[in-house]
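The block underneath contains the structure these notes are about, expressed in structure tokens.
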2 protein chains.
Amino acid sequence: MNHHSGSSAKRKPATARGAKTRAKILRAAETVFAERGYEHGSIAEVAKEAQVALGTFYIYFPDKKSAFTELVDELGRKLRASLREATAELEDRLEIERVGLRTFLDFTTDHRGLYRIVRQAEFVDEPTYRRYYTSLAEGYAQALSRAMDKGQIRDLDPETVAFCLMGLADFLGMRWVLWKQAGDDIERTLDSAVKFLQHGLAVAEPPQSSPRRKARASKTKGKKS
Amino acid sequence: MNHHSGSSAKRKPATARGAKTRAKILRAAETVFAERGYEHGSIAEVAKEAQVALGTFYIYFPDKKSAFTELVDELGRKLRASLREATAELEDRLEIERVGLRTFLDFTTDHRGLYRIVRQAEFVDEPTYRRYYTSLAEGYAQALSRAMDKGQIRDLDPETVAFCLMGLADFLGMRWVLWKQAGDDIERTLDSAVKFLQHGLAVAEPPQSSPRRKARASKTKGKKS
DNA sequence: GACGAACCTGAATGGTGATTCATGATTCAG
DNA sequence: CTGAATCATGAATCACCATTCAGGTTCGTC
């Protein structure tokens, strides 16, 4: 129904009590949808998990789907905030990528359930799913573009690189977080992955100690001066 | 029930007529599951699409899920065969990666529907989903490992790199095949992606003549000039 | 100390769809 | 031909929810 941003809720709670109940339901939905999947998880289960009656769910959400999409949007915001915060102080793009990858994997570890939820969104509500990745990719591509202009990284199509890096991170999360196995060494994996992506991005001359290279006039599409 | 490989069918057709009907049903299932999703696609729709009666489905498949998993396994075999064939003649790993990526994207373009099907497998039958990627990754990692031994590419954890490359390809397929947009230029994307991954994999010194050694001093100070 | 808004409850409704099965059609070896 | 092995049919069965709604309950406040 409501294509716009904030109003997926049927009614926003007017009291603290209501807000608390709504939050309880959302957390329960997270648990149920993550464990049983969207299609197999029932509102009855969600209500039970939240320790409220069935009908209570419909006081706060117009239907099953909207609780789900709210979870996806929430996760997107949290992840972007997490990445932003972790890399806020950093200047060098290669360094940012290293920290960003680790942050992503940590985030995934702390939110296994939500990770599964996003992936299901593709088949529950495509627009929500796309929004999750495109909004991530947008900021990513922009940052990469700026780093290219500054000559910090190789000059490539920013959107392409953004998707490459997201896909890489996504699969590492799938394999080393969701499918974690006995002998796995995530540090070794992170190390290899970072080497791979840094060399993929790095400009011809390897960075040594002064990451403040002046932008050589290579092929920069003369953005800022 | 049947954890093993080949017998997802309730009964294998005894006559050519039966085999034909079974195939018709499987193609119909592909269409329906791709268009409507596994959960929303019904056996009734599959039967209708295949132009057989509802009950006929159950002559050839024990249940809905097994037709689906058979599609996923089939796709895995086809994709691996496609990649193997496209790169059979090639020697250089970097070249193989370039061709492999293009082949994957072409394959995806030709099998949009199947692409969607694999992704759903994660929530329909996890083991089938994992099998799809792990069997791909296994061969991939092995090939990478050999290339590392030969000094064709950088020495990294092969499984990690395999997942990085699969993720990268997966996301490019998602964005530039499934989400294809008006102004998109897939050639440009392929070009950027290949540059990225080749630099990520390439050994520090461009291979010249004797690609024999495995690992030498890591921190090669004096880069080539 | 009672009034109303905000909340909460859970049985009942309605719809969907996987799977079964009794019955009929085809095929073909003998 | 003829019967039995195969194959095909689709109405009926059975389970499982999403969503509704006709009442209760709680809480702040005047």
Side-chain angles (χ1 to χ4, degrees), chain A residues 1-2 7-33 35-71 120 123-125, chain B residues 1-2 7-33 35-71 120 123-125:
Chain A
M1 315 303 164
N2 214 319
S7 44
S8 48
K10 181 187 267 177
R11 183 207 299 178
K12 76 188 71 150
T15 71
R17 181 191 174 201
K20 204 168 165 185
T21 302
R22 187 177 195 279
K24 252 203 319 187
I25 292 172
L26 207 53
R27 277 324 111 214
E30 178 181 331
T31 304
V32 170
F33 290 150
E35 277 177 5
R36 308 245 308 134
Y38 177 78
E39 300 293 346
H40 295 305
S42 69
I43 303 298
E45 282 174 282
V46 171
K48 191 175 174 190
E49 173 81 22
Q51 294 177 287
V52 298
L54 223 190
T56 306
F57 178 90
Y58 291 93
I59 294 172
Y60 298 103
F61 301 93
D63 51 32
K64 189 184 183 184
K65 188 185 279 188
S66 76
F68 181 84
T69 57
E70 179 155 338
L71 283 173
Q120 290 184 80
F123 307 103
V124 175
D125 193 60
Chain B
M1 314 320 154
N2 212 319
S7 44
S8 48
K10 181 187 268 174
R11 184 206 300 178
K12 78 188 71 151
T15 71
R17 180 191 174 202
K20 203 168 165 185
T21 303
R22 187 178 196 279
K24 251 202 321 186
I25 293 173
L26 206 54
R27 276 325 111 211
E30 178 183 331
T31 303
V32 170
F33 290 150
E35 276 176 9
R36 308 246 307 134
Y38 177 78
E39 301 293 346
H40 296 305
S42 68
I43 302 297
E45 282 174 281
V46 171
K48 191 174 173 190
E49 174 80 23
Q51 293 177 288
V52 297
L54 223 189
T56 306
F57 178 91
Y58 291 93
I59 295 173
Y60 297 104
F61 301 95
D63 51 33
K64 189 183 183 184
K65 188 186 279 187
S66 75
F68 181 83
T69 57
E70 178 156 336
L71 284 173
Q120 290 184 80
F123 308 102
V124 175
D125 192 61

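Order of the sequence lines sets the chain letters (A, B, ...), proteins ahead of strands, with each chain counted from 1. These numbers were taken from a predicted model, which means no experiment stands behind them.
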From [options], nucleotide with atom closest to [X] side chain:
X       : options               : result
A:Leu54 : C:dC7, D:dT19, C:dT19 : D:dT19
A:Ile59 : D:dC7, D:dA8, C:dC7   : C:dC7
B:Arg17 : D:dT19, C:dC7, C:dT26 : C:dT26

- Task: Check every strand shown and say whether B:Ser42 touches a base, only sugar-phosphate, or nothing at a heavy-atom separation below 4.0 Å.
- Result: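 Sugar-phosphate only.
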
Please report, rounded to the nearest Å, how far the [atom2] atom of [N] is from the [atom1] atom of [X].
X       : N      : atom1 : atom2 : result
A:Lys48 : D:dA18 : NZ    : P     : 15 Å
B:Ile43 : D:dA11 : CD1   : C1'   : 17 Å
A:Asp63 : C:dG15 : CG    : P     : 18 Å
A:His40 : D:dA18 : NE2   : C1'   : 16 Å
A:Phe61 : C:dC8  : CZ    : C1'   : 15 Å
A:Lys64 : D:dA18 : NZ    : P     : 4 Å
B:Arg22 : D:dT6  : CZ    : P     : 16 Å
A:Lys20 : C:dC8  : NZ    : C1'   : 15 Å

- Query: How many angstroms lie between atom CD1 of B:Ile43 and atom CZ of B:Phe57, to the nearest 0.5 angstrom?
  - Reply: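 Atom-to-atom, B:Ile43:CD1 and B:Phe57:CZ are 3.5 Å apart.
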
- Item | Inter-residue atom distance A:Glu49.CD - A:Phe33.CZ, 0.5 Å rounding |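 Result: 12.0 Å between the selected atoms.
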
Do the side chain of [X] and the main chain of [Y] share a donor and acceptor less than 3.5 angstrom apart?
X       : Y       : answer
A:Glu39 : B:Glu39 : no
B:Glu45 : B:Ser42 : yes
A:Tyr38 : A:Lys65 : yes

Any side-chain N or O of [X] less than 4.0 Å from the OP1 or OP2 oxygen of [N]?
X       : N      : result
B:Thr15 : C:dT27 : no
B:Tyr60 : D:dA8  : yes
A:Thr21 : C:dC7  : no

- Message: Pick the closest DNA chain D nucleotide for A:Glu45 and for A:Thr56 by heavy atoms, then say which residue is nearer the 5' end.
- Response: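 This one resolves to A:Glu45.
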
